[in-house]
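Structure record follows, encoded as structure tokens.
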Number of protein chains: 2
Amino acid sequence: MTSGRPLPHPARDDLELTQVLFALSDPVRLDLVRQLASGPQEMADCLAVEPPLPKSTKSHTMKVLREAGVIRNEPRGRNRIVSLRREDLDSAFPGLLDAVLDGEGTA
Amino acid sequence: MTSGRPLPHPARDDLELTQVLFALSDPVRLDLVRQLASGPQEMADCLAVEPPLPKSTKSHTMKVLREAGVIRNEPRGRNRIVSLRREDLDSAFPGLLDAVLDGEGTA
DNA sequence: GTCATGGTTCGATTCTAGTTGAACGATCGT
DNA sequence: ACGATCGTTCAACTAGAATCGAACCATGAC
């Protein structure tokens with residue numbers, strides 16, 4: 001029941017605004033999205049804080065963002081590459097991502 | 001413990017992005033915000049659907065949006081006027097509201 | 001093949017948010 | 001002053017989301 005690896009991602013046309021907004025409404029997830037704004041990252045490097053988040057929690061964080069269509073999570077050898085779905089988001093909700101990424105200081 | 005009427009609203013500088021995003025991440029609340037985009041409304045007219053929402057539920061919906069700083073809720077005689085805090089939002093998170101209001105068909 | 005590594009899934013618990021009736025408050029009309 | 005109307009607050013319940021350990025799985029290294 002676990003799985004192999006290629007995880008399901010919603011199609012660009014299936015993105016729902018409320019889901020995206022919800023995914024972004026958590027400080028930790030928003031933070032991650034901002035980190036990804038500068039480019040894809042290996043998942044291992046992603047939420048590297050002290051103390052380190054448990055794997056399952058981290059995985060769950062990714063899941064929420066992935067299922068909302070905010071990030072892409074692809075297998076790469078033994079680890080994973082996480083990236084922002086910038087074009088898809090821009091096409092579905094023009095201006096939204098930029099606006100969110102701009103709100104710098106604000107949590 | 002109930003109250004009179006002028007309800008507390010967060011100051012423009014205290015708006016938090018995550019709270020705003022969360023407030024907007026619910027279909028009913030988002031819908032209300034879109035209705036308000038065309039101008040203030042009397043609360044009584046606001047979420048007029050069938051079957052009608054119980055008063056307490058409606059009031060709670062308003063509360064979430066108000067506490068996030070998305071709407072203003074002011075006494076007006078025996079009822080209330082609800083309005084979008086457009087300028088405050090635009091100043092705090094430029095482009096955000098427009099982007100959200102644009103996502104028309106998408107729930 | 002075997003082992004170490006990185007990540008997902010399951011399941012239990014905890015915490016937070018939504019829902020709604022009932023009680024209360026303020027205001028307006030008479 | 002009284003009653004009706006409109007909305008908030010309280011409190012109890014339900015539903016949903018976050019947290020995290022344990023089990024599991026693929027891949028890569030040896």
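Chain identifiers are assigned alphabetically (A, B, ...) following the order of the sequence lines, protein sequences preceding nucleic acid strands; residue numbering begins at 1 within each chain.
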Review point. Under a 4.5 Å cut-off applied to non-hydrogen side-chain atoms, are A:L89 and A:L84 in contact?
Key: yes
Practice item. Using atom CE of A:M43 as one end and atom P of C:dT5 as the other, report the distance to the nearest whole Å. Key: 17 Å
Review point. Can you tell which of D:dT8, D:dG7, C:dT5 lies closest to the side chain of B:L7?
Key: D:dT8
Study note, to complete from the structure: Rounded to whole Å, CG of A:L47 lies from C1' of D:dA18 at a distance of 14 Å
Study note, to complete from the structure: Of C:dT20, C:dT27, D:dG7, the nucleotide closest to the side chain of B:R80 is D:dG7
Check your understanding: Would a distance-only check, ignoring hydrogens and angles, find a side-chain to backbone donor-acceptor pair under 3.5 Å from A:R86 to A:L97?
Key -> no
Exercise for review: Can you tell me the distance, in whole Å, between the CG atom of B:D45 and the C1' atom of D:dC6?
Suggested key: 12 Å
Exercise for review: Could you tell me whether the phosphate oxygens of C:dT27, OP1 or OP2, come under 4.0 Å of any side-chain nitrogen or oxygen in B:R5?
Suggested key: yes
Practice item. Scan B:M62 against the nucleic acid and name what it touches under 4.0 Å (heavy atoms): base, sugar-phosphate only, or nothing. Key: nothing
Review point. In whole angstroms, how far is the P atom of C:dT8 from the CG atom of A:L65?
Key: 12 Å
Practice item. Could you tell me whether a side-chain N or O of B:K58 sits under 3.5 Å from a main-chain N or O of B:P52, the two making a donor and an acceptor? Key: no
Check your understanding: Phosphate oxygens OP1/OP2 of D:dT8: is one of them under 4.0 Å from a side-chain N or O of B:S59?
Key -> yes
Check your understanding: Just to confirm, is there a sub-4.0 Å distance from OP1 or OP2 of D:dG21 to any side-chain nitrogen or oxygen of A:S56?
Key -> no
Exercise for review: Give one of base, sugar-phosphate or nothing for A:R76, where a contact means two heavy atoms less than 4.0 Å apart.
Suggested key: nothing
Check your understanding: So what does A:N73 touch, heavy atoms closer than 4.0 Å: a base, only the sugar-phosphate, or nothing?
Key -> sugar-phosphate
**Study point:** Out of D:dA18, D:dG28, C:dG21, whichever nucleotide has its closest atom nearest the side chain of A:H60
**Key:** D:dA18
Point to revise | Position toward the 5' end of DNA chain C (nearest nucleotide), B:F22 or B:K58 | key: B:F22
Check your understanding: Under the 3.5 angstrom rule, does the side chain of B:R34 hit a backbone N or O of B:V100 as a donor-acceptor pair?
Key -> yes
Practice item. Would you kindly give the NZ-to-P distance between A:K55 and D:dA26, to the nearest whole Å? Key: 15 Å
Review point. For B:L53 and C:dT19, what is the distance between atoms CG and P respectively, to the nearest whole Å?
Key: 8 Å
Review point. Within this structure, what is the NZ-to-C1' distance between B:K63 and D:dG7, rounded to whole angstrom?
Key: 13 Å
Practice item. Mind calculating the distance between CD (B:Q41) and P (D:dG7) to the nearest angstrom? Key: 12 Å
Exercise for review: Using modelled atom types only, decide if a donor and an acceptor are shared between the side chain of A:R66 and the backbone of A:P8 within a distance under 3.5 Å.
Suggested key: yes
